[in-house]
Number of protein chains: 4
Amino acid sequence: MTTRTRGRPRNADADRAILEATRDLLLADGYEQLTIQAIAELAGVAKQTVYRRWPSKARIVADAVLGGYLSTGFEGRADAASSTPGMGSSREPDDLRAWLHAAAIQLSDATNVTIVRALAAAAAESEEDATRLYSAFTEPGRRQLLALLRAGVERGDLRADADLEAAADAIQGAVLYTALARRPPQVEHLDSLADVLFAGLEAR
Amino acid sequence: MTTRTRGRPRNADADRAILEATRDLLLADGYEQLTIQAIAELAGVAKQTVYRRWPSKARIVADAVLGGYLSTGFEGRADAASSTPGMGSSREPDDLRAWLHAAAIQLSDATNVTIVRALAAAAAESEEDATRLYSAFTEPGRRQLLALLRAGVERGDLRADADLEAAADAIQGAVLYTALARRPPQVEHLDSLADVLFAGLEAR
Amino acid sequence: MTTRTRGRPRNADADRAILEATRDLLLADGYEQLTIQAIAELAGVAKQTVYRRWPSKARIVADAVLGGYLSTGFEGRADAASSTPGMGSSREPDDLRAWLHAAAIQLSDATNVTIVRALAAAAAESEEDATRLYSAFTEPGRRQLLALLRAGVERGDLRADADLEAAADAIQGAVLYTALARRPPQVEHLDSLADVLFAGLEAR
Amino acid sequence: MTTRTRGRPRNADADRAILEATRDLLLADGYEQLTIQAIAELAGVAKQTVYRRWPSKARIVADAVLGGYLSTGFEGRADAASSTPGMGSSREPDDLRAWLHAAAIQLSDATNVTIVRALAAAAAESEEDATRLYSAFTEPGRRQLLALLRAGVERGDLRADADLEAAADAIQGAVLYTALARRPPQVEHLDSLADVLFAGLEAR
DNA sequence: TTTTAAGCGAGACGGTACGTCGTGTCTTGTT
DNA sequence: AACAAGACACGACGTACCGTCTCGCTTAAAA
């Protein structure tokens, strides 16, 4: 009843082929070199078929990056959320360290760095989508982080009145900064960060 | 001696005109819409004159952003480095708060947000320049931050063995993240961040 | 059957508009000043539409000159072929004279001289097309000439074993030479030429 | 006395180097591809040095073609004028045939055809120089031809009142036509032409 | 001598056109 | 309707030459 399905139905394979082609080209050449023309060609699809489904390059990339075809963030794949390493550890700073170590490992993979860069470029282009894009991208990791910190509060390790959002911003920001600036993430610094934040949040 | 100046020398005015035109167009339309053609036209210069001096749009933007024609970072203008608010305050967390407040104020100016976005886009495009670009961009602010933190260490407010680099990464990363994600910076969160970090770094 | 017409068909109006624009610009400024850019603009067509149909300026000019949009030769318009002056005259040298007079009249028109020059320039540029271009250009006139000479043979005025091709070469060559060298064609010389050739071809 | 020779005198070697470079490039790539930039580079000379001496590409080519650096016509090199084959023969048609055979031989050399084409292109470009260019180019051969025909008149072989200019036009025009249209010159036709013209000019 | 005037190599400069590429839209015929 | 194919107007790309204009330097005649 919602929308009458008249005429020839859209080919669902096309969506997948387009997103897959987008991913491949993105990893090969980067966001700027990516063209809708090339996506259509690689996907074996007419250009119009792409335009019929997405309004802009930024949106295609957003779906390709966030839609499960790619690792969805520097914090881990969406489907890996439940198996975050360190969750449930008895000591808080170990959990934080483990999370940051996992992030560091992901960022040592060039593929993931490319994805982060593509996302930044897409967000820079599309004024109104930037917030949506970043929040979608960082959401899974953020949920993990906050869960982890809240567990610390409940255990009594961390202050009850701590601003966990601010801490999460600092952590994810530091990781994002590292990725964008293409500085190889240094585990010692991340450990120090975990320690400082833990100390700052610690219950007295 | 080094390299004989042969032939007609380059017109120094052209450099300035090009960078100024780049700045104006960048603020008006954003990085993606910026074209070298338009830069040349606005600068009153032949296209070839631009190509003779810069190899890519990313490099022009880098120079325009970093070369003193624009505020050189979300942390403050290069020429404002000495007048950083709060420097020399007697209490550490006040200094940190003041610095973050200044950053927040800068990011509430759409102009500066545009610059940060342009920088992210330029860095995403140019693989090898990204590090150079980000470090040049964040360097002034980073120097301020570290000076501020070191002063705290010397006063005895902060731990002598604290990893100040890690703290600076967290702070600048958080601010960058906020800017890129286009979330209006919220002063309360920044204050919390200052507090947490201070607590974590505090001498016992 | 041959080749399935797939995709959007080409706009036939564009062809005409392009050739017409080419003709106008050619007559106004000459071959060297002619640019594909200007052709496209005057034709109200995108540059790419021109490049999609012709591989070079020389080819466009060839089609513009030969395609019926211009007088197709210094010997007469294609559609004037049947009304060649003098055809059917009872005396051979009069026919030849009339033909040469017509050629002289055409070459006293600056437009036609411009066309001949454009043709020479286009032929000079395009190695392999030169033969095609010249033969297409001179074919109509040559047909007239040969018909005229053959009529003379049949009437018994001219030798049966005369090399009419050689005579036609001499006549067309002389006219072409005159046109290219931009020497105003002198009727007396042309008359002399007709007389000499007639005398040389005459049946004894 | 007229123009005081003040300042540094022009380097005569440059003229030669420029014309030589022009010739080489012309033969290699043709008139259209020839650029003043390339000439200067190949000649080892600054662009301005070329512009100081010649006002246009057409003029440089004219001098290069006519100035003794190249065979100066399809009828023979300037310095070969005196040794024209067949001159002084006892029978007129043999002289004419010999002259045309020599022309045919020259046009079977691709170099000379290229030169003729370059000349035609240069003449097409430069409105006012065309006459000068063609007459300079064809003058040596024309002199030979007319001398040859006049000798026939004096011997009594040819009519005293014959229009020798018209005959020369026909001959040179036929040869030029052949060269430009890039039709391999056919000796039989040229022989026929000689015969027809001789017969037409013959004293009764 | 010292000036003055021009030539010269080098190369920047404002232009203009090149031929290509990608955009997003628009016909075609076919499914 | 969607789709593959491909034409289309548009506009930018990066390059090549145009003809002119500084530069620093050289070369000779005039002062």
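Side chains included, hydrogens not; waters and symmetry mates left out as well; all remaining heavy atoms used. Fair warning: this is a prediction, and the values are worked out from it, not measured in the lab. Sequence lines set the chain letters: A, B, ... in the order given, protein chains first and strands last, and positions in each chain run from 1.
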**Request:** Could you list by number each residue of residues 42-52 of chain C showing a heavy-atom separation from DNA chain E of less than 4.0 Å, or answer none if no residue does?
**Result:** C:Lys47, C:Gln48, C:Tyr51
**Complete:** Heavy atoms of D:Ala124 and C:Ala121 approach each other most closely as CB-CB, 3.9 Å
**Request:** State, yes or no, whether a side-chain contact exists between B:Trp54 and B:Ile36 at a heavy-atom distance under 4.5 Å.
**Result:** no
**Request:** Under the side-chain contact (heavy atoms from CB on, under 4.5 Å) rule, collect the residues that match up with A:Ala21, sequence neighbours excluded.
**Result:** A:Ile39, A:Leu42, A:Ala43
**Request:** Can you figure out which of E:dA17, E:dT30, F:dC13 approaches the side chain of C:Thr35 most closely?
**Result:** E:dA17
**Request:** Quick one: closest heavy-atom pair of D:Ala120 and D:Leu180, and the distance?
**Result:** CB-CD2, 3.7 Å
**Message:** Under 4.0 Å from OP1 or OP2 of E:dC26: is there any side-chain N or O of C:Arg10 that close?
**Reply:** no
**Asked** To the nearest Å, how far apart are D:Gln33 CD and E:dC18 P?
**Response** 13 Å
**Complete:** In whole angstroms, the gap separating C1' of E:dG22 from CG of A:Leu34 amounts to 12 Å
**Message:** Rounding to an integer number of Å, can you tell me how far A:Ile36 CD1 sits from F:dA4 P?
**Reply:** 15 Å
**Residue mapping more 5' on DNA chain E - nearest nucleotide basis, C:Lys57 or C:Gly7** = C:Lys57
**Request:** Report the residue from C:Leu26, C:Leu19, C:Leu119 that forms a side-chain contact (heavy atoms from CB on, under 4.5 Å) with C:Val61.
**Result:** C:Leu26
**Item:** Nucleotide F:dT27, atom C1' - distance to CG of D:Asp13 in whole Å
**Value:** 15 Å
**Fill in**
Comparing nearest nucleotides in DNA chain F, the 5'-proximal residue of the pair B:Pro9, C:Asn11 is C:Asn11
**Item:** Nearest-nucleotide 5' precedence on DNA chain E, B:Ala12 against C:Gln37
**Value:** B:Ala12
**Prompt:** At under 4.0 Å, does any side-chain N or O of B:Arg53 touch on OP1 or OP2 of E:dG11?
**Reply:** no
**Fill in**
Atom CD of A:Glu32 and atom C1' of F:dC13 are separated, to the nearest Å, by 14 Å
**Asked** Which one, F:dC3, F:dC18, F:dC8, comes nearest to the side chain of C:Arg8?
**Response** F:dC8
**Request:** Rounded to the nearest angstrom, tell me the gap between atom CD1 in D:Ile18 and atom C1' in E:dG9.
**Result:** 12 Å
**Request:** Indicate the atoms forming the closest heavy-atom contact of C:Leu66 with C:Phe137, along with that distance.
**Result:** CD2-CA, 3.6 Å
**Asked** For residues 27-48 of chain D, which residue pairs qualify under salt bridge (Lys or Arg N to Asp or Glu O under 4.0 Å), counting only residues two or more places apart or in two chains?
**Response** none
**Item:** Rounded distance (Å) that lies between atom C1' of E:dG24 and atom CD1 of A:Ile60
**Value:** 12 Å
**Request:** Would you kindly give the CG-to-C1' distance between C:Asp29 and E:dA17, to the nearest whole Å?
**Result:** 15 Å
